[in-house]
S.K.: 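Got a structure for you, written out below as structure tokens; questions coming shortly.
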Amino acid sequence: MLASARHVSSASPEIAVEGEVERITFENRETGFRVVKVAVPGRDQRLAIVGTFPSVAVGARVRARGTIEVDRNHGEQLRATSVTELAPSTLAGIEKYLGSGLIKGVGERTAKRIVDTFGLETLRVLDEQPHRLRGVSGLGPARIESLITAWREQRAIRDVMVFLQAHGASPALATRIYKRYGPKAVTIVSADPYRLAIDVWGVGFRTADKIAGSLGTARDSIERMQAALFQALRDATESGHCYVRVRDLVERAAGLVDDDATPGGPGPDVATLERLGEGMKALARGAYVTLERADAIEVVTEVTDEALVWSPDMHATERRLATRLAKLGSTRLPGLRGAQAAVERFEREKGAELAPEQRAALDEAAARPLLVLTGGPGVGKTTVIRAILSMFDAAGLASRLAAPTGRAAKRMTEATGREAVTLHRLLEFDPKTAKFKRDAGNPIDASAIIVDESSMVDVWMADALTQAVPDGARLVLVGDVDQLPSVGPGSFLRDTISSGAVPCVRLTRIFRQGSESLIVDNAHRINAGEPPVVPESGADADFFVIDKRDPDEARRMIVELVTRRIPRRFGLDPVRDVQVLTPMNRGPAGTMALNEALQEALNPSGPGLQRGRSTFRAGDKVMQLRNDYDRNVWNGDVGVVASVDVEEESLVVRFDSGAGARDVPYDGGALDELALAYACTIHKSQGSEYPAVVIPLLTTHFVMLSKNLLYTGVTRGKRLVVVIADPRAMRLALAEDRREQRSTRLAARIQVACGDGGGE
């Protein structure tokens, strides 16, 4: 650490110094911690200024306040409490300042030409009379416009950064805030700092609350209570719930506003709960403290006397989806012309007779506008999809195939020989409006639609899809209901099936098992709560269990398997073909620790960009963490870093989405949307399939252990599955029959809609 082993006299007074920045010794843009060397008049040597403060450029004049301390390794330095940038006062200083890289597109030569033209008036000209840049030789109109824009943005960002840092925000956060709000950032944040938690990705309630407190918001204000309630509702939605009970919402919010709350400690005090209750009652009456959030929450009482809290968008979406599913599920269509002959022809070409349950699926697909087809691995879902396509083709139906992710769509294309696209592409997502062009008024141009991996579809996407299905068309939803539910809110596939109101065929007969595929056989055993079959030592198999109880030993074994054993024995590429899937992010066998260990083994050197705990280098496998409508990349997409530009602090990721490779640039705050992906959670792996998967299953994963979690991980492997397991953790997982419970009313709404012909 740069400032370790330091000594400060207890009597050291706070002083102020001014000088010119001559060197940036160290800078962490994530935390805002910096060490800069400043030439201070009257001092023989440059003074090191150490602390957390806004970015400054070489050549800038600064005023710093703080205390002098003596570091054992680095000597005398000023531990800064504040650093304020001043305008450079000399021609050399101005030239150095402009040419320091502060303004994109302005290097040393351009800076010299500008300063030669305007002298000491340079900065005032840039601020007040930028049109005069036309008088600088070598600057064309386009470059002048670019320079003016960059200068204004830099000044605006600096103003925002100075303001926010004065109120406890980091420089990285200031950049994201400016990107979201632009020049109005200071005005917006001053008026309602809690908007940050809703509008700016990566900002939670506590960060916004810290800024609000610095701006003078009282700790017991109704505004603060309502902001906590909003955040609690948002957190619940991001955890997969469609609604929250009022008492649960208040408890969640109390955990946010209680500064002294600790895990397992006493709950919030009575005064806090009463104040939150007042905020909740005000929301129920529509009495919102800030108009910006007036459409973000709704209180609804349904079925019981207990109040349930929804966002209005979620409430409307679930009701609309239930009504549409009920209509599709209760309708019958005229039979398909030539359906029987098409099925018989398919059986002849395949050289095998379809099983009765597969035949039942074909009959339902011919007669119904909606069919759910579910079942585990090896039960013939792909065979049924091909047979249904043959039947639709014979009847002259125009069929479209889709899946939630690019990888799943690519697999569907390979399995059927027909083009499959992502649901976003099927619905023609428009990044400019963040909406789908295909909807009830402009339905999908198809008379039959088959969607694979439907367990990944959340209620938002399910609603958009079903509304865009043309009347009279057929929709076939294919998926494994025993897998984990979608990353997004709701449990669409599970609820649709459990409603009992939608035609559903469950395939149970296993066609690939035993010596042919231990992966398939063991997946079904795990789903039934039975321990997996382990092959004899040295056997040529596709499923192995390695006994490891210590998390550190398990991590070392995973690195050994991924980097050496699996590539050597199975000829698989350790980055492209092998995926580590783990139950959790944290811990010695979580994604963070495993990614660090695997990167160190597979890609340890080369220029890199550091973001938080992660360093990204060319060749690293990375994952997108959120839907990015501007870049057209989606939560869970995996790619490889194609190039890194350390000076520009940017990189390019190559994604193979199924429609071909695509290079996507990242810089600034967008880098926070990436994470290393040598290892990822089992939840994040849904819809993907890998040649080989390695799964740690340890007692440190206790809170996540369940058989459907393990089942989901195992079914991601195509050619090889290796489980690094503590036998105790394996027994716990197989005995835990819980499904991830989510607060949703979809199944009940479908039933009601079928009963009265409309929604609730």
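The chain is numbered in sequence order, starting from 1.
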S.K.: Please say whether more than 12 non-hydrogen atoms of neighbouring residues, nucleotides or ligands are located less than 6.0 Å from CZ in Arg654.
M.R.: no
S.K.: Roughly how far, to the nearest 0.5 Å, is CG of Leu47 from CD1 of Ile68?
M.R.: 5.0 Å
S.K.: Do Val487 and Asp458 make a side-chain contact, defined as non-hydrogen atoms from C-beta onward lying under 4.5 Å apart?
M.R.: no
S.K.: Ignoring hydrogens and geometry, is there a side-chain-to-backbone donor-acceptor pair from Arg79 to Glu69 under 3.5 Å?
M.R.: no
S.K.: Would you name the heavy atoms of Pro588 and Asp552 that are closest together and state the gap between them?
M.R.: CB-OD1, 3.9 Å
S.K.: Between the main-chain N or O of Ser688 and the side-chain N or O of Arg716, is there a donor-acceptor pair closer than 3.5 Å?
M.R.: yes
S.K.: Ignoring hydrogens and geometry, is there a side-chain-to-backbone donor-acceptor pair from Ser685 to Ile682 under 3.5 Å?
M.R.: yes
S.K.: Looking only at non-hydrogen atoms, find the nearest pair between Leu676 and Thr615 and report the distance.
M.R.: CD2-O, 4.1 Å
S.K.: Check this for me: Glu108, atom CD, are more than 12 non-hydrogen atoms of other residues, nucleotides or ligands nearer than 6.0 Å?
M.R.: no
S.K.: Roughly how far, to the nearest 0.5 Å, is the NZ atom of Lys548 from the CG atom of Leu697?
M.R.: 15.5 Å
S.K.: Taking the inter-plane angle between the rings of Tyr194 and Phe205 on a 0 to 90° scale, is it parallel (under 30°), tilted (30 to 60°) or perpendicular (over 60°)?
M.R.: parallel
S.K.: Between Leu674 and Phe616, which heavy-atom pair has the shortest distance, and what is it?
M.R.: O-CZ, 3.6 Å
S.K.: Compare all side-chain heavy atoms of Val457 with those of Leu423 and state whether any distance is below 4.5 angstrom.
M.R.: yes
S.K.: After noting the C-alpha distance and the side-chain angles of Val186 and Ile188, does the key distance pass the side-chain contact (heavy atoms from CB on, under 4.5 Å) rule?
M.R.: CA-CA 6 Å; Val186 172; Ile188 291 171; over 6 Å; no
S.K.: With a 4.5 Å heavy-atom cut-off, do Tyr666 and Ser650 have their side chains touching?
M.R.: no
S.K.: Carefully, step by step, assess Ile724 and Phe544 under the rule side-chain contact (heavy atoms from CB on, under 4.5 Å).
M.R.: CA-CA 9 Å; Ile724 314 296; Phe544 299 90; over 6 Å; no
S.K.: Verify side-chain contact (heavy atoms from CB on, under 4.5 Å) between Cys680 and Leu581, making sure each step is shown before the conclusion.
M.R.: CA-CA 5 Å; Cys680 72; Leu581 303 178; 3.6 Å; yes
S.K.: Identify every side-chain donor-acceptor pair in residues 570-580 under 3.5 Å, counting partners at least two apart or on other chains, and give the distances.
M.R.:
| residue | atom | partner | partner atom | Å |
| --- | --- | --- | --- | --- |
| Asp573 | OD1 | Val575 | N | 2.9 |
| Asp573 | OD1 | Arg576 | N | 2.7 |
| Asp577 | OD2 | Asp573 | N | 2.8 |
| Gln579 | OE1 | Lys621 | NZ | 3.0 |
| Gln579 | NE2 | Ala677 | O | 3.1 |
| Gln579 | NE2 | Tyr678 | O | 3.1 |

S.K.: Is it the case that Thr591 and Asn585 place a side-chain donor and acceptor less than 3.5 Å from each other?
M.R.: yes
S.K.: Given the rule in the side chain to side chain donor-acceptor pair (under 3.5 Å) test, do Arg549 and Thr699 qualify, once you have shown the distances and angles that lead to the verdict?
M.R.: CA-CA 8 Å; Arg549 297 171 184 249; Thr699 55; over 6 Å; no
S.K.: What distance separates Ile546 CD1 from Ile695 CD1, expressed to the nearest 0.5 Å?
M.R.: 12.0 Å
S.K.: When you compare the side chains of Asp620 and Gln599, does any donor N or O come within less than 3.5 Å of an acceptor on the partner?
M.R.: yes
S.K.: Contact between Asp663 and Val653 at the side-chain level, heavy atoms closer than 4.5 Å - yes or no?
M.R.: no
S.K.: Rounded to the nearest 0.5 Å, what's the gap from CE on Met730 to CG on Asp547? Could you check?
M.R.: 9.5 Å
S.K.: Do you know which two heavy atoms are closest between Ala725 and Val545, and how far apart they sit?
M.R.: CB-CG1, 4.2 Å
S.K.: Hey, are the side chains of Thr67 and Leu78 touching, using non-hydrogen atoms and a 4.5 Å cut-off?
M.R.: no
S.K.: Side-chain contact, heavy-atom cut-off 4.5 Å: Arg555 with Leu594?
M.R.: yes
S.K.: Identify the heavy atoms of Ala408 and Glu453 that sit nearest to each other, and give their distance.
M.R.: CB-CG, 3.9 Å
S.K.: Say you draw a straight line from CG of Leu705 to CG of Leu698; how long is it, rounded to the nearest 0.5 Å?
M.R.: 8.5 Å
S.K.: Checking Leu484 against Leu709 for the side-chain contact (heavy atoms from CB on, under 4.5 Å) test, could you report, in this order, the C-alpha distance in whole Å, the side-chain angles of both residues, the deciding distance, and whether it holds?
M.R.: CA-CA 6 Å; Leu484 294 168; Leu709 180 91; 3.7 Å; yes
S.K.: Is the distance between the ring centroids of Trp634 and Phe655 less than 6.0 Å?
M.R.: no
S.K.: Specify the closest pair of heavy atoms between Ala80 and Ile49, including all atoms of both residues, with the distance to one decimal.
M.R.: CB-CG2, 3.8 Å
S.K.: Exactly one of Arg407, Arg662, Lys410 should register a salt bridge (charged side-chain N to carboxylate O under 4.0 Å, His left out) with Asp656. Which one does?
M.R.: Lys410
S.K.: Taking Asp235's backbone N and O only, do any of them form a donor-acceptor pair with Ser239's side chain (distance below 3.5 Å, no angle check)?
M.R.: yes
S.K.: With the side chain counted from C-beta on, respond yes when Val723 and Phe543 share a heavy-atom pair under 4.5 Å apart, and no when they do not.
M.R.: yes
S.K.: What I want to find out is whether Arg411 reaches Glu689 closely enough, with some N-O distance under 4.0 Å, to be called a salt bridge.
M.R.: yes
S.K.: Ignoring hydrogens and angles, state whether a donor on the side chain of Gln686 or Gln483 is under 3.5 Å from an acceptor on the partner side chain.
M.R.: no
S.K.: Go through the side-chain N and O atoms of Ser605 and Arg617 and say whether any donor and acceptor fall under 3.5 Å apart.
M.R.: no
S.K.: With a 3.5 Å distance limit and no angle check, can you tell me whether Asp542 reaches the backbone of Arg719 through a side-chain donor-acceptor pair?
M.R.: no
S.K.: Are the side chains of Leu651 and Leu671 in touch, meaning some heavy atoms are under 4.5 Å apart?
M.R.: yes
S.K.: Working to the nearest 0.5 angstrom, can you tell me the gap between Glu560 CD and Glu553 CD?
M.R.: 13.5 Å
S.K.: Take Arg626 and Glu673, measure what salt bridge (Lys or Arg N to Asp or Glu O under 4.0 Å) needs, and give me the verdict at the end.
M.R.: CA-CA 6 Å; Arg626 66 185 287 259; Glu673 300 176 5; 2.9 Å; yes
S.K.: For the side chain of Thr582 and the backbone of Ala589, is there at least one donor-acceptor N/O pair under 3.5 Å apart?
M.R.: yes
